[in-house]
**Student:** 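My questions all concern the structure below.
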Amino acid sequence: MAKAKFDVPELQEYLEVPPVTPGTMAHSKPFVSKPEFQEALGFPGELVDDWHDKAIEKMGELLGKYRSLQVFLDSCVKCGACTDKCHYFLGTQDPKNMPVARQDLLRKVYRRHFTLAGKYFPKLVGAEDLTEEVLQDWYSYFHQCSQCRRCSVFCPYGIDTAEISMAARTIMDSIGMGQKYCNEIIAKVYRIGNNLGLPGPALADTMEGLEEDVFDDTGVEVKYPVDQKGADILLVTPSADFFAEPHVDGLIGYGKVFHEAGVSWTVSTYASEAANFGMFIGSYENMRKISQRIRKAAIDLGVKRIVFGECGHAWRVAYSFLNTLAGPWDFLDPNYPVPQHILEFTWDQIQKGRLNLDKSENDHMTLTFHDSCNVARATRMGDKPGGQFEIPRNVIKAVCNNYVDMDADTIREKTFCCGGGGGLLTDDLMEIRVKGAKPRVEALNNAMQEHGVTHMAAICAICKSQFSKVLPYYGMEMDQIVSIHQLVSNAIILTGQKTDEDEDEDEAA
Ligand code: SF4
Ligand code: SF4
């Protein structure tokens, strides 16, 4: 079990609403962004002198631009339905992690400055000014929201706390109080093309290494191309796929599927990142700049299609915003969706019978599936409602014999966040990450005890990184989390692939 500098919550058999313990997570704050990262994104380098007035001005600007924000701030009736729905409240007991209380941190300032009652009778309507103390609460608790939108599923008014948290982060960025992890990453994408700062030559080396590994393993020359002009498909995938485990096993799987489908494909060194952290800080300007890189890469390489790899929030940005941010995509082949998810591609190939699959290659595992928040609650796949739930499960069942779902209250649209989404996947937030993972790990543990589940598959780079880090805190193994395309990769038998008998003969020779 990984050692923690904080108390790791005990897993329970059934989800229990914990007693409220005020202030337990008030100390949790991510590192503040350095001036160089702030400025690269168009924000002030550090907290400006007139931060109060500038923050209120920004809030006014956001309220004018996004009507949804004002509707969310006006319509809460304090029914309480959301209070026990956030994994961060369930894992920490801190009442400010109840979605309604998190919203109220912004709502009280909104009321003070933008409503008549709040201006004249602040105490009566819970209005409060933006003091230094309130700003510190914003910084702490709006970085304890992974923008997973689970609370909005249970709110009778559909209030989306994720939007409120994005607005709060935008306001803080605009006064020079941004979060280091998100802003450093976005600045890296501008400078180098991906979140990890992986330069083009290193990326090319990695892909060449994958070609060698797959050849050694199968005897088949599967290509992992970089910057190949005129390829059919531009694969835009999270940069974690290039080297992290289990992500890279998924990338190997994408390559095998493309190979068997007989399509040419490439990644781009210029747009070598599917992730778009502009969404986490609520900045459409930065989301647009990152998305525009994909457009430029697609034009420069002359591809016909764009396929996204396994990444939750990237699929949300792609599915919901890519056309608005970087369209029109009229230079691509209109016979295919823009963009397309790798699972849609693979499922299509499976349905057409183009993949030779041996499910028994995954018989050493009993799988369950973790629906990633952004895919589950903010996107779709395929052409039927609920495709984002069915297609990943269909693909898993097509390549594995043993599959069991976790408890119904913790999957599909009610899925629990991994605890590391929304820009929280940083070591300085490890305590909230571990505690926030509790409801999901609890459901996994129950599936392990009751159904002999051994592994959990996911289709989000953040979920994979988060689980491989936090599972050991709960006494589980880091490699219990796997990529769906890792399972596909295990099961796929490539045309001309070496059989076990061939290998025996090679050895004998
Ligand atoms: S969006 Fe998710 S993390 Fe944020 S308050 Fe709602 S349930 Fe909690
Ligand atoms: S469920 Fe909706 S209306 Fe009810 S308290 Fe929560 S945010 Fe307010």
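Everything numeric here is computed off the predicted structure, so don't read it as measured data. Order of listing sets the numbers, starting from 1, for every ligand and every atom in it.
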**Student:** Among Cys148, Ser152, Cys155, Gly436, which residue places a heavy atom closest to atom 7 (S) of ligand 1?
**Tutor:**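 Minimum heavy-atom distance to atom 7 (S) of ligand 1 goes to Cys148.
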**Student:** Test the Lys289-Tyr190 pair against the cation-pi criterion, namely NZ or CZ under 6.0 angstrom from the six-membered ring centroid and within 45° of the ring axis.
**Tutor:**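 Yes, a cation-pi geometry.
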**Student:** Considering only heavy atoms, which of Pro99, Cys82, Ser75, Gly158 lies nearest to atom 1 (S) of ligand 2?
**Tutor:**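 The residue whose heavy atom sits nearest atom 1 (S) of ligand 2 is Cys82.
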**Student:** Does Tyr139 reach the side chain of Leu135, with side-chain heavy atoms less than 4.5 Å apart?
**Tutor:**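 Sidechains of Leu135 and Tyr139: no contact.
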**Student:** Only heavy atoms of Tyr88, strictly under 4.0 Å: list the atoms of ligand 1 that pass.
**Tutor:**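 Numbered from 1, ligand 1 contributes 3 (S).
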**Student:** Distance to 0.1 Å, residue and atom name: give those for the protein heavy atom nearest to atom 3 (S) of ligand 1.
**Tutor:**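 Ranked first by proximity to atom 3 (S) of ligand 1 is Ser146 N, 3.3 Å.
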**Student:** Taking only non-hydrogen atoms of Gly80, do any sit less than 4.0 angstrom from ligand 2?
**Tutor:**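 Yes, Gly80 has a heavy atom closer than 4.0 Å to ligand 2.
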**Student:** To which of Arg377, Arg149, Lys85, Arg102 does the heavy atom nearest atom 5 (S) of ligand 1 belong?
**Tutor:**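 Among Arg377, Arg149, Lys85, Arg102, the closest heavy atom to atom 5 (S) of ligand 1 belongs to Arg102.
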**Student:** How close does the nearest protein non-hydrogen atom get to atom 8 (Fe) of ligand 1, and which residue and atom is it?
**Tutor:**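 I find the closest protein heavy atom is Cys86 SG, 2.4 Å.
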**Student:** Between Asp371 and Lys414, is there a salt bridge with N-O shorter than 4.0 Å?
**Tutor:**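 Looking at Lys414 and Asp371, the cut-off is not met.
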**Student:** Examine Arg380 relative to Tyr319 and say whether NZ or CZ is less than 6.0 Å from the centre of the six-membered ring and inside a 45° cone about the ring axis.
**Tutor:**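 No; the conditions do not both hold, so Arg380 does not lie above the ring face of Tyr319.
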**Student:** Before accepting this row, confirm whether a basic side-chain N of the pair Lys58/Asp173 lies closer than 4.0 Å to the acidic partner's carboxylate O.
**Tutor:**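 Asp173 and Lys58: not salt-bridged.
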**Student:** Are the charged groups of Asp409 and Lys85 less than 4.0 angstrom apart, N to O?
**Tutor:**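 Between Lys85 and Asp409 there is no salt bridge, as every charged N stays at least 4.0 Å from the carboxylate O atoms.
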**Student:** What protein heavy atom sits nearest atom 6 (Fe) of ligand 1, and how far off is it?
**Tutor:**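 Answer, as residue, atom name and distance: Cys151 SG, 2.3 Å.
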**Student:** Which heavy atom of the protein is the closest neighbour of atom 4 (Fe) of ligand 1, given with residue, atom name and distance?
**Tutor:**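 Sorting protein heavy atoms by distance from atom 4 (Fe) of ligand 1 puts Cys145 SG, 2.4 Å first.
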**Student:** Can you tell me if Gln103 has a non-hydrogen atom under 4.0 Å from ligand 1?
**Tutor:**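 False for this residue.
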